[in-house]
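Structure first, commentary second.
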2 protein chains.
Amino acid sequence: MCRPTMRNTTMLMQKNQVFEHAEMTNETIDAGQSLSALFLISATELVPAGRAICWEGDEAKHLFQLVEGVIRLYRIVGDGRRVITAFQFAGDLIGASLQSDFLFTAEAVTDCKIRRVSRKSFHDEVTRSNALHPSYISLLCHEMTAAHEQMVLLSKKNAEERLCSFIAKLVSRRNPQARQGVLRVPMSRQDIADHLGLTIETVSRTLTKLASRNVVIPEGRHDLRIVNLACLTQLSGDADDFLEESCHRVSLH
Amino acid sequence: MCRPTMRNTTMLMQKNQVFEHAEMTNETIDAGQSLSALFLISATELVPAGRAICWEGDEAKHLFQLVEGVIRLYRIVGDGRRVITAFQFAGDLIGASLQSDFLFTAEAVTDCKIRRVSRKSFHDEVTRSNALHPSYISLLCHEMTAAHEQMVLLSKKNAEERLCSFIAKLVSRRNPQARQGVLRVPMSRQDIADHLGLTIETVSRTLTKLASRNVVIPEGRHDLRIVNLACLTQLSGDADDFLEESCHRVSLH
DNA sequence: CGACCCATTGACAGGAATCAATCTGCGTGG
DNA sequence: CCACGCAGATTGATTCCTGTCAATGGGTCG
């Protein structure tokens, strides 16, 4: 369906796509930037990997800004089933879309640095400043968009499409200390599984399959060599028909 | 697991539960109320069943308030796969969580009455009025909560739990012209399937199974007799452990 | 170096999708 | 008013993907 042979031919297209993705998120980044000024008054706190900064159901007295590291937001349903609704990265705000109680537990995936402000002061600042208002709305809208995309992923995509979507999204969010062509994946297989609505075994098997097709190759537990980004994007299932076509064409000769 | 014999014993509990659900949404209703004043200046439009009022990707020049009827919000992904991200009912606002373009197509499930206002005037009003501001935030937060719940449903629940969750949610939103114990379900099986991430056949089969267990009984295509609400709630998978226990106990003797 | 945790791999089972054949309710037209 | 036709719904047979259970492998940290 999508063979590694297309690699060279579609390289340009890959670049474009990633670039577009990156641009799409500029809005959020801007929104984060202006709002993040509110957090500068407070000192950064260090949060070791595995530690939670807030709990589902607790009163949301504070908002957090993630300065450095990766955080998972999750809910526990029924008997111990965990749903990771989102991962948060450097610059993201946590708790902006909340009114009273936290809808999720936020837990550090890696060692993190965070800043916090009280909900009240945050709210007061945003209400007072007309300049911040659009940033705030923009932020909420973007969270909403992400939630929608996740719903699409969970309701219509198979394991391969889910994993490729996830990896492609990580790629588009270029992380700082990455070697060329190698993606850092800080979260565990279990985290990935709980985020994609799969089991750890299925994630592992799907990764193996992608590796055998030379799309991505695991290098250790937390690194992925991205061999064929065009193929990855196409397999993610939300590529345009045009791209899909071109991918097919290329793979046919 | 959950036999019809518990019917009488748990009747009180059922009532309480429905009531609680109704109360939980009061916040939203209030938010809708104050914001909906903004829509009163515009005339109501009639939208026949099946007609769309906006399209995914179009610039969101207007916001809508649904005065009467039911609307589905959906996205089309890949080749024709449809994901219904939400249904909207009388009083709901459509397009509030948007910045520039519509994330979804909104289409009338039944004949509808709507009002519309321009995004600009809506935005200006909300920005100007400090009173409206919290209502707006509240609305966005509630949409976010609904999105989270849908993610949980899609990633961890099986067909039966999904369908029961869906029906229970419809029940908790008491619709006006309902006969006692009978729930109006305006949407088609295909709509339900596309909302729950299932196929039409699975929805149908699951309904049959629920009917054989005397939980709910279909009466025509668009009505459901709710025979055992406690069981329905328990089967939805997000009941408390306490309730689950009690349900078991009752069904055991 | 060994113990432990995490990840991978394999065998198998089960639930939902798919394909296909009725069936039913509902509107239409004779 | 009834027969007809059609879209939507149900039911059945089968396949396939993913979950589950179980064993093995590998990296990391003491």
Side-chain angles (χ1 to χ4, degrees), chain A residues 1 48-50 72 77-83 109-111 153-167 185-212 216-224 235 237, chain B residues 1 48-50 72 77-84 109-111 153-167 184-212 216-224 235 237:
Chain A
M1 180 180 180
R72 57 179 167 252
V77 299
D79 55 336
R81 294 183 287 186
R82 186 179 69 161
V83 179
V109 173
T110 64
D111 292 340
L153 180 143
L154 292 170
S155 66
K156 294 289 171 186
K157 291 184 178 178
N158 62 25
E160 187 173 273
E161 291 172 325
R162 292 181 195 198
L163 194 58
C164 289
S165 299
F166 176 70
I167 298 171
V185 182
M187 48 292 276
S188 71
R189 298 289 187 267
Q190 187 66 61
D191 285 339
I192 298 172
D194 287 346
H195 182 53
L196 299 181
L198 301 170
T199 59
I200 183 175
E201 292 95 334
T202 300
V203 169
S204 189
R205 267 188 265 270
T206 307
L207 256 180
T208 306
K209 215 187 305 171
L210 289 176
S212 76
V216 296
I217 299 177
E219 297 187 351
R221 284 178 182 172
H222 291 292
D223 286 294
L224 269 185
L235 289 174
Chain B
M1 181 181 179
R72 58 179 167 253
V77 299
D79 55 335
R81 295 183 287 187
R82 185 179 71 161
V83 179
I84 296 183
V109 173
T110 64
D111 292 339
L153 179 142
L154 291 170
S155 65
K156 294 289 172 187
K157 291 184 177 177
N158 62 24
E160 186 174 273
E161 291 172 325
R162 292 182 195 199
L163 195 59
C164 288
S165 298
F166 176 69
I167 299 171
R184 185 78 201 173
V185 182
M187 48 293 276
S188 70
R189 299 288 187 267
Q190 187 66 62
D191 285 339
I192 298 172
D194 288 346
H195 183 52
L196 299 181
L198 301 170
T199 59
I200 183 175
E201 292 96 332
T202 301
V203 169
S204 188
R205 268 187 264 271
T206 308
L207 256 180
T208 307
K209 216 187 305 172
L210 290 176
S212 76
V216 297
I217 298 175
E219 297 187 350
R221 284 177 182 173
H222 292 292
D223 286 294
L224 269 185
L235 289 175

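A:Leu210 has its CG atom 13 Å from the P atom of C:dT9, to the nearest Å. Rounded to an integer number of Å, the gap from CG of B:Leu154 to P of D:dT18 is 15 Å. Taking atom CG of residue B:Asp223 and atom C1' of nucleotide C:dC26, one finds them 14 Å apart after rounding to whole Å. Atom NZ of B:Lys157 and atom C1' of C:dA16 are 18 Å apart (whole Å). Rounded to whole angstrom, the span from the CG atom of A:Leu163 across to the P atom of D:dC17 amounts to 16 Å. For the pair B:Leu207 CG and C:dA16 C1', the computed distance is 16 Å after rounding to whole Å. Taking atom NE2 of B:His222 as the reference point, atom P of D:dA9 lies 6 Å away to the nearest angstrom. Atom pair B:Asn158:CG and D:dG19:P shows a separation of 13 Å (rounding to whole Å applied).
Of the residues in residues 190-202 of chain B, those placing a heavy atom less than 4.0 Å from an atom of DNA chain C are B:Gly197, B:Leu198, B:Thr199, B:Glu201, B:Thr202, in numerical order.
Using a 4.5 Å heavy-atom cutoff, the side chains of A:Leu198 and A:Thr206 are not in contact.
Remark: B:Leu196 CG to B:Leu163 CG distance equals 6.5 Å, nearest 0.5 Å. Distance check: B:Arg205 CZ to B:Leu210 CG gives 14.0 Å after rounding to the nearest 0.5 Å.
Considering only residues two or more places apart in sequence or on other chains, B:Lys156 meets the side chain to side chain donor-acceptor pair (under 3.5 Å) condition with none of them. In terms of the side chain to side chain donor-acceptor pair (under 3.5 Å) criterion, B:Ser204 has no residue partners (sequence neighbours excluded). B:Ser165 pairs by the side chain to side chain donor-acceptor pair (under 3.5 Å) definition with B:Lys157, not counting sequence neighbours. In terms of the side chain to side chain donor-acceptor pair (under 3.5 Å) criterion, B:Arg189 has no residue partners (sequence neighbours excluded).
Of the candidates A:Arg81, A:Arg82, A:Arg72, A:Arg162, A:Asp194 forms a salt bridge (charged side-chain N to carboxylate O under 4.0 Å, His left out) with just one, namely A:Arg82.
Formation of a donor-acceptor pair under 3.5 Å by the A:Asp111 side chain with backbone atoms of A:Pro48 is not found in this model.
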Heteroatom pairs (N/O) under 3.5 angstrom, protein to nucleotides 25-30 of chain D:
unit_1	atom_1	unit_2	atom_2	d
D:dG26	N2	A:Arg221	NH2	3.1

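Checked against C:dT9, C:dA16, D:dT10, the side chain of A:Thr208 finds its nearest nucleotide in C:dT9. Of the listed nucleotides (D:dT10, C:dA16, C:dT8), D:dT10 has the atom at the smallest distance from the side chain of B:Arg189.
In terms of polar N and O atoms assigned as donor or acceptor, the side chain of B:Arg205 never comes within less than 3.5 Å of the base of C:dG15 in a complementary pairing.
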